[in-house]
Engineer: 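Please find one structure pasted underneath; my questions will follow.
When reading the values below, keep in mind they use all heavy atoms of this one structure, side chains included, and skip hydrogens, waters and symmetry mates. As the structure is a computational prediction, the values presented were derived from the model and not from experiment.
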Amino acid sequence: MRIGTARSSYRHDEALFDSRTQHAWLAILAVALIGFPFLADEYWLYLACLVAINIASTTGLNILTGYTGLVSLGQAAFMGIGAYTVAALEQKLGAPVLLNLLAGGFVAMLGGLVVGLPSLRVKGLYLAIATIAASVVLHFVFANWHAVTGGHAGITLVPVEILGLSFDTSFRLYWLFVPITILMVAGAANLFRTRIGRAFIAIRDRDISAEVLGIPLLRYKLLSFGLSSFYAGVAGGMWAYFFRVVTPESFPLILSIFFLAAVIVGGMGTILGAILGAVFMTMVPEALKLVVGWLPLSADATLILSPVRTIVFGVLIVGFLVFEPLGLQEIWRRIRRFFHLWPFRA
């Protein structure tokens with residue numbers, strides 16, 4: 001009886017310790033996010049804004065691929081829908097920034113619902129091919145619907161203004177993008193505490209069993225596609241405000257592979273994995289730029305960087321699938337567990 005009571009007390013203390021540790025890490029992260037823009041230079045602020053955009057889009061793809069088990073290679077195309085929607089509203093109507101981002105998300109959601117219709121009949125490789133086909137169609141629309149998209153010339157935006165303040169630097173855009181991304185990540189984290197999130201996970205684990213349990217597969221698969229596309233649309237809107245130019249070449253297929261690689265490398269089916277994967281994959285091209293810049297190459301470094309980057313993305317996907325299928329979040333979990341247990345290890 002005393003042993004059982006002691007074990008129960010230990011588990012309670014351990015859970016309390018984990019909760020306090022988590023709150024401490026969140027407090028440290030908040031302080032770091034607030035202090036970072038005052039200490040970083042323009043280059044690191046540029047990367048921070050890009051990381052925020054990529055985290056938002058990767059989190060959306062993780063809802064679809066990591067939690068629902070539906071493979072998509074169309075995330076960049078849905079970002080394009082959001083970016084063009086925001087650019088058109090900003091240029092022609094001058095609507096408020098947050099309204100534009102929400103509109104970009106909802107228009108991308110509609111596109112995701114259409115693309116998600118085949119998901120009831122096909123899955124796996126066939127669904128991935130269907131999303132690639134959708135990307136090709138959307139790229140054709142972006143390039144040829146001149147009245148809305150401007151064709152290959154695209155749409156150019158002026159710096160966004162909020163309350164008379166021009167967001168024309170990475171420092172100012174940081175304070176716009178990071179809070180939006182935090183809200184989106186928090187929304188995704190809370191989603192999987194609800195009935196909808198649990199239905200997504202059931203479909204991923206065994207869709208036939210989920211249907212037997214009364215979960216309508218088409219409804220929840222379409223909802224997953226819609227939510228993933230909404231996240232991509234908002235991320236695409238932030239992309240438009242960040243780079244201030246939207247062209248069909250801004251959202252190639254390699255960008256969709258980038259987001260899929262971020263989900264796999266970070267760890268599918270975890271919120272932390274989406275964050276770690278997006279950060280890691282954003283920094284990989286920057287590291288490649290440094291490496292290529294150091295090499296004594298006679299050719300233009302940019303011509304070499306693009307194919308090398310594609311190869312590296314493929315190697316990272318295969319490498320993590322073979323050697324660490326649970327991704328960076330599992331490595332982080334092991335590190336935390338090691339240091340938590342280290343004083344008590346034999």
Side-chain angles (χ1 to χ4, degrees), residues 43-44 46-80 124-125 127-129 131-132 135 181 185 188 204 228 231-232 235-236 239 249-295 297 301-336 338:
Y43 172 73
W44 286 103
Y46 162 85
L47 286 180
C49 292
L50 189 59
V51 164
I53 296 170
N54 290 339
I55 287 176
S57 188
T58 304
T59 301
L61 183 59
N62 201 26
I63 293 174
L64 180 66
T65 301
Y67 283 98
T68 316
L70 303 176
V71 180
S72 172
L73 285 171
Q75 195 74 350
F78 298 128
M79 282 185 67
L125 176 63
L127 183 59
I129 293 174
T131 56
I132 292 175
S135 297
T181 299
V185 170
R204 177 197 64 189
S228 176
Y231 274 65
W239 175 286
E249 288 71 27
S250 300
F251 306 99
L253 179 62
I254 183 61
L255 188 60
S256 294
I257 297 175
F258 170 91
F259 291 121
L260 182 61
V263 171
I264 294 173
V265 169
M268 292 190 292
T270 64
I271 298 300
L272 179 61
I275 297 172
L276 295 177
V279 174
F280 181 82
M281 295 303 297
T282 303
M283 300 308 297
V284 165
E286 301 303 317
L288 289 176
K289 288 180 183 177
L290 292 176
V291 172
V292 172
W294 290 336
L295 296 177
L297 301 174
T302 57
L303 297 177
I304 300 174
L305 184 61
S306 180
V308 170
R309 182 176 61 178
T310 305
I311 294 171
V312 170
F313 287 169
V315 170
L316 286 172
I317 291 174
V318 174
F320 271 87
L321 285 175
V322 173
F323 298 105
E324 187 50 86
L326 298 180
L328 292 173
Q329 64 86 25
E330 176 63 16
I331 297 175
W332 171 247
R333 189 191 67 83
R334 290 175 183 172
I335 293 173
R336 285 187 58 193
F338 173 80

Engineer: Taking all heavy atoms of R204 and all of G269, pick out the closest pair and write down the distance.
Structural biologist: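 That would be NH1-CA, 4.1 Å.
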Engineer: Do T65 and M268 touch side chain to side chain, with heavy atoms closer than 4.5 Å?
Structural biologist: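 A side-chain contact exists here, since the closest heavy-atom pair is under 4.5 Å.
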Engineer: Indicate the atoms forming the closest heavy-atom contact of T58 with A274, along with that distance.
Structural biologist: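 In terms of heavy atoms, the two residues are closest at CG2-O, 3.7 Å.
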Engineer: Please, which pairs that meet ring pair (Phe, Tyr, Trp, His ring centres under 6.0 Å) have at least one residue in residues 46-79, sequence neighbours excluded?
Structural biologist: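 Sorted result for residues 46-79: Y46-F242, Y67-F192.
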Engineer: Which heavy atom in G74 sits nearest to a heavy atom in S135, and how many Å separate them?
Structural biologist: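 For G74 versus S135, the nearest heavy atoms are CA-OG, 3.3 Å.
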Engineer: I'd like to check S72 versus L61 (side-chain heavy atoms, cut-off strictly below 4.5 Å). Are they in contact?
Structural biologist: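 Yes. Closest side-chain heavy atoms under 4.5 Å.
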Engineer: Taking atom OH of Y231 and atom CD1 of I55, what is their separation to the nearest 0.5 Å?
Structural biologist: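 Answer for the OH-CD1 pair, Y231 versus I55, is 12.5 Å.
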Engineer: With T68, which residues qualify under side chain to side chain contact (heavy atoms under 4.5 Å, CB included), at least two apart?
Structural biologist: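 Counting only residues at least two positions away or on another chain, T68 forms a side chain to side chain contact (heavy atoms under 4.5 Å, CB included) with L70, F200, I203, S224.
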Engineer: Say you draw a straight line from CD of E330 to CD1 of I335; how long is it, rounded to the nearest 0.5 Å?
Structural biologist: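 Rounded to the nearest 0.5 Å, the CD-CD1 separation comes out at 10.5 Å.
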Engineer: Which residues pass the side chain to side chain contact (heavy atoms under 4.5 Å, CB included) test with I129, not counting sequence neighbours?
Structural biologist: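 I129 satisfies side chain to side chain contact (heavy atoms under 4.5 Å, CB included) with L125 only.
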Engineer: Is there a donor-acceptor contact under 3.5 Å from the side chain of T59 to the main chain of V185?
Structural biologist: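 No, T59 side chain to V185 backbone: no donor-acceptor pair under 3.5 Å.
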Engineer: Do V71 and L127 make a side-chain contact, defined as non-hydrogen atoms from C-beta onward lying under 4.5 Å apart?
Structural biologist: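 Side chain of V71 against side chain of L127, heavy atoms only: no contact under 4.5 Å found.
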Engineer: CG of L321 to CG of L326: how many Å apart, nearest 0.5 Å?
Structural biologist: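 Rounded to the nearest 0.5 Å, the CG-CG separation comes out at 10.5 Å.
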Engineer: For S228 and G60, which heavy atoms make the closest approach, and how far apart are they?
Structural biologist: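 Scanning both residues completely, I find the closest heavy atoms to be OG-O, 3.0 Å.
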Engineer: Does any non-hydrogen side-chain atom of R334 lie less than 4.5 Å from one of E324?
Structural biologist: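 They are in contact (side-chain heavy atoms under 4.5 Å apart), so the answer is yes.
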Engineer: Which residue pairs satisfy the side-chain hydrogen bond (donor to acceptor under 3.5 Å, both in side chains) criterion with at least one member in residues 271-286, sequence neighbours excluded?
Structural biologist: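 side-chain hydrogen bond (donor to acceptor under 3.5 Å, both in side chains) check on residues 271-286 returns Y43-E286, N54-T282.
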Engineer: Any idea which heavy atoms bring V263 and N62 closest together, and the distance?
Structural biologist: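 Scanning both residues completely, I find the closest heavy atoms to be CG1-OD1, 3.5 Å.
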Engineer: Does the S256 side chain pair with the main chain of A76, one donor and one acceptor, at a distance under 3.5 Å?
Structural biologist: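 Yes.
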Engineer: Test of understanding: with side chain to side chain contact (heavy atoms under 4.5 Å, CB included), list the residues that count as partners of L316, not counting sequence neighbours.
Structural biologist: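 L316 satisfies side chain to side chain contact (heavy atoms under 4.5 Å, CB included) with V265, F280, M281, V284, V312, F320 once adjacent residues are dropped.
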Engineer: Could you work out, with side chain to side chain contact (heavy atoms under 4.5 Å, CB included) as the rule, every residue matching I254, not counting sequence neighbours?
Structural biologist: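 With sequence neighbours excluded, I254 shows a side chain to side chain contact (heavy atoms under 4.5 Å, CB included) to P252, I257, T310, F313, given in chain and number order.
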Engineer: Ignoring hydrogens and angles, tell me if any N or O in the side chain of S57 forms a donor-acceptor pair with the backbone of I53 under 3.5 Å.
Structural biologist: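 Here the side-chain-to-backbone pair does not exist.
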Engineer: Heavy atoms, side chains only, cut-off 4.5 Å: are M283 and L47 in contact?
Structural biologist: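 Yes. Closest side-chain heavy atoms under 4.5 Å.
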Engineer: Nearest heavy-atom pair of L255 and S250: which atoms, and what distance?
Structural biologist: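 So the minimum-distance heavy-atom pair works out to CD2-O, 3.9 Å.
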